Amino acid sequence: MIRSVVRGFGAALPKRVVTNQELESKVDTSDEWIVQRTGIRQRYIAGEGETTASLGEGAARAALANAGLTPDDLDLIILATSTPDNTFPATAVNIQDRLGMRHGAAFDMQAVCSGFVYAVTTADAYIRGGLAKRVLVIGSETFSRILDWNDRTTCVLFGDGAGAIILEAQEGEGTNADRGVLTAKLRSDGAHRDKLYVDGGPSTTGTVGHLKMEGREVFKHAVGMITDVIEAAFEATGTTAEELDWLVPHQANRRIIDGSAKKLGIPLDKVVVTVDLHGNTSAASIPLALNAAAGDGRIKKGDLVLLEAMGGGFTWGSVLLRW
Ligand code: UT7
């Protein structure tokens, strides 16, 4: 049986760090409120010349170096983003060009904060279907560019950055002992699309628009939706929370992360948390967290790792994989 195995990982962050203290001087907020409600202490904000494509390129190059591969070795690039450089073409083809890759295919995937989980699931389907052998999966975002900096209920929450992994076709036995993606569960419910959205677009206003969120409404649904797809992943594979080595959740809010882990009986020392350092980087948050935890040796080859995300749409999903 063909499995999609993580061959390499990498990340890239903007140069500029913006602390809660710095925001206090520009927005009617406080470090205490932000830390208490979200766990965020700082975020990275893209400066001149830093875009979703440039950050994505940085993450891609780091993942290629980590894997010991070159762009010639890739068949496909999938970029998860809701903040593309242009309405079209896909920012993935911009990154393809920056990498000097003149073969294969590249496209963007839009599932907001669940984008990376959607992109990994899609890459896994390409690999298991025999359509690609190596897929570069990137999550890259510049949410700072769609924030309303006069809206304190949203502007303190988000940050910019990019992370990437390379998935490679490898032969497995078809058991949970295999390395690679073991199962993936995706969900969406468009009835909730006006709870977290951007109030612009090419076909409506002709403008880019700004992020709008009913935070309390999103919060209310988050833990239930996250536990739903995690339980579905456990059921599909016959695994249990006790067998997990690491939970790598989408990093939106420390309270949502802790609440989901508690409900599932996953101890907090098995949960990778980077929301304090990065804020909510939407589709980039999971690969940034993977890069942090695999980079410092916490996530090791053979570990059972669970990814989960929930966000705009609503969309939500999980991926269970053996690193
Ligand atoms: O990426 C996936 C999608 N995003 C999320 O998962 C986010 C989900 N939602 C949340 O994380 C939380 O709902 C927030 C962090 C956004 C807000 O936390 P909350 O505990 O739900 O706060 P709230 O919206 O109920 O607001 C509480 C108070 C309000 O004041 P009053 O009306 O009680 O007097 C707000 O005006 O906090 C006030 N407030 C702030 N105060 C200082 C809102 N934003 C700020 C701020 N600084 N930045």
Side-chain angles (χ1 to χ4, degrees), residues 18-43 45 80-83 110-119 139-144 146-161 163 186-190 192-198 210-229 248-261 263 271 273-276 278-289 307-318:
V18 175
T19 60
N20 291 349
Q21 284 78 9
E22 187 179 339
L23 282 184
E24 278 176 356
S25 64
K26 294 175 185 146
V27 183
D28 179 17
T29 191
S30 66
D31 174 53
E32 194 194 353
W33 188 94
I34 300 173
V35 172
Q36 229 174 49
R37 303 278 174 150
T38 72
I40 298 166
R41 293 183 185 276
Q42 61 167 49
R43 73 284 296 140
I45 300 290
T81 190
S82 300
T83 47
Q110 219 274 51
V112 204
C113 297
S114 310
F116 190 74
V117 167
Y118 270 62
S140 183
E141 301 279 18
T142 44
F143 261 53
S144 65
I146 54 164
L147 293 174
D148 173 357
W149 286 95
N150 294 313
D151 175 9
R152 69 173 183 170
T153 68
T154 53
C155 74
V156 303
L157 304 175
F158 295 90
D160 303 333
L186 299 184
R187 306 257 192 276
S188 67
D189 183 353
H192 298 289
R193 69 187 184 282
D194 59 354
K195 296 191 176 88
L196 173 49
Y197 71 105
V198 171
H210 290 111
L211 182 148
K212 305 278 170 193
M213 178 165 73
E214 292 177 39
R216 239 177 278 187
E217 276 297 307
V218 180
F219 201 104
K220 217 169 71 188
H221 288 87
V223 173
M225 288 177 163
I226 289 163
T227 47
D228 156 49
V229 281
V248 185
H250 166 53
Q251 310 282 320
N253 184 314
R254 183 73 210 231
R255 283 151 64 208
I256 295 174
I257 295 172
D258 291 356
S260 314
K263 198 166 164 201
V271 183
V273 178
T274 51
V275 70
D276 52 332
H278 302 150
N280 181 348
T281 57
S282 193
S285 90
I286 291 175
L288 275 165
L307 318 180
E308 61 83 353
M310 179 268 179
F314 292 148
T315 55
W316 63 110
S318 67

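Since the structure is predicted, the reported quantities are computational estimates derived from the model, not experimental observations. Ligands are counted one by one from 1 in listed order, and the atoms in each one are counted from 1 as well. As a basis for the values below, the full set of heavy atoms in this structure was taken, side chains included, without hydrogen atoms, waters or symmetry mates.
Of the N or O atoms in T38, none lie within a sub-3.5 Å distance of an N or O in ligand 1. Polar contact with ligand 1: absent for A252 (N/O pair, distance under 3.5 Å). Considering backbone and side-chain N/O of S30, none are found under 3.5 Å from N/O of ligand 1.
Under the 4.0 angstrom criterion, atom 20 (O) of ligand 1 counts as having a protein heavy-atom contact. Distances from atom 29 (C) of ligand 1 to the protein include no heavy-atom value under 4.0 Å. Within the 4.0 Å cut-off (strictly below), no protein heavy atom is located near atom 33 (O) of ligand 1. For atom 14 (C) of ligand 1, no protein heavy-atom neighbour is present inside the 4.0 Å cut-off.
One N or O on the side chain of S114 and one on the backbone of T315 form a donor-acceptor pair closer than 3.5 Å.
Near V218, the atoms of ligand 1 lying under 4.0 angstrom from a non-hydrogen atom of the residue are 3 (C), 4 (N), 5 (C), 6 (O), 8 (C). Heavy-atom contacts of L196 reach the following atoms of ligand 1: 3 (C) (cutoff under 4.0 Å). Interface of M310 with ligand 1, defined as ligand atoms under 4.0 Å from a residue heavy atom, comprises 2 (C). Counting atoms of ligand 1 from 1 in the listed order, those under 4.0 Å from a heavy atom of C113 are 1 (O), 2 (C). Close approach of ligand 1 to R255 (heavy-atom distance below 4.0 Å) involves ligand atoms 18 (O), 20 (O). Per-residue contacts place V156 under 4.0 angstrom from the following atoms of ligand 1 (heavy atoms of the residue considered): 48 (N).
Neither the backbone nor the side chain of V112 has any atom closer than 4.0 Å to an atom of ligand 1 (non-hydrogen atoms only). Residue-level proximity to ligand 1 for T29 is carried by backbone and side chain together, each with a heavy atom below 4.0 angstrom. Residue I34 does not touch ligand 1, judged by heavy-atom distances below 4.0 Å. Residue contacts with ligand 1, taken as heavy atom pairs separated by less than 4.0 Å, involve H250 solely via side-chain atoms from C-beta onward.
Note on R152 versus D28: salt bridge recorded, some NZ/NE/NH1/NH2 to OD/OE distance being below 4.0 Å.
Taken from OG in S82 to CG in L211, the straight-line distance is 9.5 Å, to the nearest 0.5 Å. Taken to the nearest 0.5 Å, the CG atom of D151 stands 3.5 Å off from the OG1 atom of T153. Rounding to the nearest 0.5 Å places CG of L157 at 12.5 Å from OG1 of T281. Taking CZ from F158 and CD1 from I40, the interatomic distance works out to 8.0 Å, rounded to the nearest 0.5 Å. Atom OG1 of T29 is separated from atom CD of Q21 by 11.0 Å, given to the nearest 0.5 angstrom.
Of the protein's non-hydrogen atoms, the one nearest atom 35 (C) of ligand 1 is R152 NH2, 4.0 Å.
Proximity annotation for atom 12 (C) of ligand 1: of F158, F314, W316, F219, F219 comes nearest, heavy atoms only. Considering only non-hydrogen atoms, atom 7 (C) of ligand 1 lies nearest to M213 out of Q36, K195, M213.
Side-chain contact between V18 and L23 is present, with at least one heavy-atom pair separated by less than 4.5 Å. The side-chain heavy atoms of K195 and F314, taken from C-beta on, include a pair separated by under 4.5 Å. Looking at V273 and R254, their side chains come closer than 4.5 Å, going by heavy atoms from C-beta outward. Residues R43 and N20 are in side-chain contact: their nearest non-hydrogen atoms beyond the backbone lie under 4.5 Å apart. Using a 4.5 Å heavy-atom threshold, the side chains of M310 and R187 count as separate.
Within the structure, the closest approach of L157 to ligand 1 falls below 4.0 Å when heavy atoms are considered.
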